[in-house]
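Written out below as structure tokens is the structure these notes cover.
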Amino acid sequence: MKRWIVARVLVSIMVCAGLAQIASSGPPSSGQPAVFPTNSKPFGSTYAQWSARWWQWALALPVDGHPFLDSPDFQVAEGQSGNVWFLGAPLPGPTVRTCTIPAGKALFVGLNNSEWSSLEGFATEAEQRANAVFFGDHIRGVFFTLDGVPVANLSDFRFQSPQFTFTAPTPWIFGDTGGTGTSVADGYYVFVEPLRAGQHVLHFGGEFHFATSEGDPFDFDAALDMTYNLTVAP
């Protein structure tokens with residue numbers, strides 16, 4: 001399996017900063033974690049729009065300490081600003097990270113997903129979207145828990161991004177030479193409302209599964225299993 005195949009299915013997790021006045025008091029009475037509904041517009045944008053912003057952030061980061069890599073150089077605050085913070089995770093797992101985030105931050109978590117870009121040889125939006133959908137259709141067993149409480153109906157949390165423009169450094173996470181390109185992403189995301197101060201655990205993952213015996217052009221399996229032990233600063 002070529003390295004670019006593995007790179008394309010690196011799954012990213014993203015943590016987004018929210019407004020302090022929306023701070024969550026914990027899981028609601030329904031037993032669900034406090035997440036924004038899939039049809040909502042947190043901070044004025046849809047889930048699909050946030051997924052594009054997450055990829056813009058991830059593709060702009062330097063390779064050293066990149067959140068898609070299991071590296072001791074990883075820093076949760078890298079590239080974060082404003083009302084939205086982003087986090088990424090290596091594939092395959094399991095991976096455990098311990099991080100501190102400021103109070104009043106919402107968590108946009110990207111589960112299994114992929115992007116396809118012009119910098120990787122997919123020039124048109126149609127090509128980018130077709131590949132993103134193809135990989136999205138091969139995601140299995142997605143799960144997400146916050147402090148041990150699962151999010152139900154995760155099949156509703158799959159989103160395609162609009163085509164977006166990004167700028168990557170040289171080298172970048174998916175190639176030796178960066179630049180400005182366009183891309184489309186497809187996959188699963190959960191947007192967690194701001195957490196109260198203290199300790200919290202995010203655990204999520206899923207699997208990419210391809211099999212020639214099932215009509216796929218190659219055999220490939222890679223499972224994401226990510227745990228974030230978060231301290232929300234008071």
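Sequential numbering from 1 along the given sequence is applied to the chain's residues.
- Counting only heavy atoms from C-beta outward, the side chains of Leu111 and Val190 approach each other to under 4.5 Å.
- Relative ring orientation between Trp116 and Phe135 is described as tilted, the plane-to-plane angle lying within the 30° to 60° band.
- Ring centroids of Phe164 and Trp50 are separated by 6.0 Å or more, keeping the two rings apart.
- For the residue pair Thr227 and Asn229, the shortest heavy atom distance occurs at CG2-OD1, 3.9 Å.
- Using a distance-only test at 3.5 Å, with no hydrogens or angles considered, no donor-acceptor pair links the side chain of Ser161 to the main chain of Ser51.
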### Query
Yes or no on side chain to side chain contact (heavy atoms under 4.5 Å, CB included) for Leu107 and Ile101, after CA distance, side-chain angles and deciding distance?
CA-CA 10 Å; Leu107 311 176; Ile101 63 172; 3.7 Å; yes
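- Counting only distance, with no hydrogens or angles, the side chain of Tyr228 and the backbone of His200 share no donor-acceptor pair below 3.5 Å.
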### Query
Step by step, would you call Thr100 with Leu230 a side chain to side chain contact (heavy atoms under 4.5 Å, CB included)?
CA-CA 6 Å; Thr100 298; Leu230 298 178; over 6 Å; no
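- No continuous path of ILVMFWY side-chain contacts below 4.5 Å connects Phe143 to Phe157, so the two sit in separate hydrophobic clusters.
- What you find for Asn113 and Phe208 is that their closest heavy atoms are O-CZ, 3.6 Å.
- By the 4.5 Å heavy-atom criterion applied to side chains, Arg196 and Val232 are not counted as neighbours.
- Judged purely by distance below 3.5 Å, without hydrogens or angles, the side chains of Thr212 and Asp219 pair a donor atom with an acceptor atom.
- No donor-acceptor distance shorter than 3.5 angstrom exists from the side chain of Gln49 to the backbone of Ser45, with no hydrogens or angles considered.
- With no hydrogens or angles considered, no side-chain donor-acceptor pair links Gln128 and Ser183 at under 3.5 Å.
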### Task
Please report the C-alpha distance between Phe174 and Glu115 in whole Å, then the side-chain angles of each, then the deciding distance to 0.1 Å, and finally whether the side chain to side chain contact (heavy atoms under 4.5 Å, CB included) criterion is met.
CA-CA 10 Å; Phe174 295 143; Glu115 67 78 35; 3.2 Å; yes
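- A pairwise comparison of heavy atoms in Thr145 and Gly148 identifies CB-C, 4.1 Å as the closest pair.
- Annotation: the span from Gln80 atom CD to Gln75 atom CD amounts to 11.5 Å, rounded to 0.5 Å.
- Under the 30°/60° scheme for interplanar angles, the aromatic rings of Phe134 and Phe210 are found to be tilted.
- Interatomic distance, Ile173 CD1 to Leu69 CG, rounded to the nearest 0.5 Å: 4.0 Å.
- Atom CZ of Arg158 sits about 4.5 Å away from atom CG of Asp137, to the nearest 0.5 Å.
- You'll find the ring centres of Phe166 and Trp172 inside the 6.0 Å limit.
- Donor-acceptor pairing under 3.5 Å is recorded for the side chains of Thr167 and Thr180.
- Side-chain heavy atoms closer than 4.5 Å link hydrophobic residues (I, L, V, M, F, W, Y) into clusters, and following such links, possibly through other members, connects Ile139 to Phe218.
- Taking all atoms of both residues into account, the shortest heavy-atom contact from Glu127 to Phe122 is OE1-C, 3.7 Å.
- Geometric assessment of Arg97 against the ring of Phe74 yields a positive cation-pi assignment under the 6.0 Å and 45° thresholds.
- Pro171 has its side chain out of reach of Thr177: every pair of non-hydrogen atoms, C-beta onward, lies at least 4.5 Å apart.
- Side-chain N or O atoms of Glu214 include none that pairs as donor or acceptor with a backbone N or O of Ala211 at under 3.5 Å.
- Between Leu91 and Leu224, the closest heavy-atom pair is CD1-N, 3.4 Å.
- Rounding to the nearest 0.5 Å gives a distance of 14.5 Å between OH of Tyr189 and OG1 of Thr38.
- The line from OG1 of Thr231 to CG of Leu195 is 11.5 Å long, rounded to the nearest 0.5 Å.
- The distance from atom OG of Ser40 to atom CD of Glu193, rounded to the nearest 0.5 Å, is 8.5 Å.
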### Query
For Glu125 and Val184, what are the C-alpha separation, side-chain angles and deciding distance, and is it a side chain to side chain contact (heavy atoms under 4.5 Å, CB included)?
CA-CA 7 Å; Glu125 179 178 358; Val184 173; 4.1 Å; yes
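- A side-chain hydrogen bond (donor to acceptor under 3.5 Å, both in side chains) with Asp221 is found for exactly one of His138, Arg140, His209, namely His209.
- Here the closest heavy-atom approach between residue Gly178 and residue Thr170 is recorded as N-OG1, 2.8 Å.
- Between Val192 and Phe144, some side-chain heavy-atom pair lies under the 4.5 Å cut-off.
- Glu78 and His66 are not linked by any side-chain donor-acceptor pair at a separation below 3.5 angstrom, with hydrogens and angles left out of the test.
- Taking the side chain as every heavy atom from C-beta outward, Pro90 and Phe68 never approach each other to under 4.5 Å.
- For the residue pair His203 / Asp225, a side-chain donor-acceptor distance below 3.5 Å is found, with atom types taken as modelled.
- Remark: Asp176 CG is loosely packed, at most 12 non-hydrogen atoms of other residues, nucleotides or ligands lying under 6.0 Å away.
- Remark: aromatic rings of Phe191 and Phe159 are distant, center separation not under 6.0 Å.
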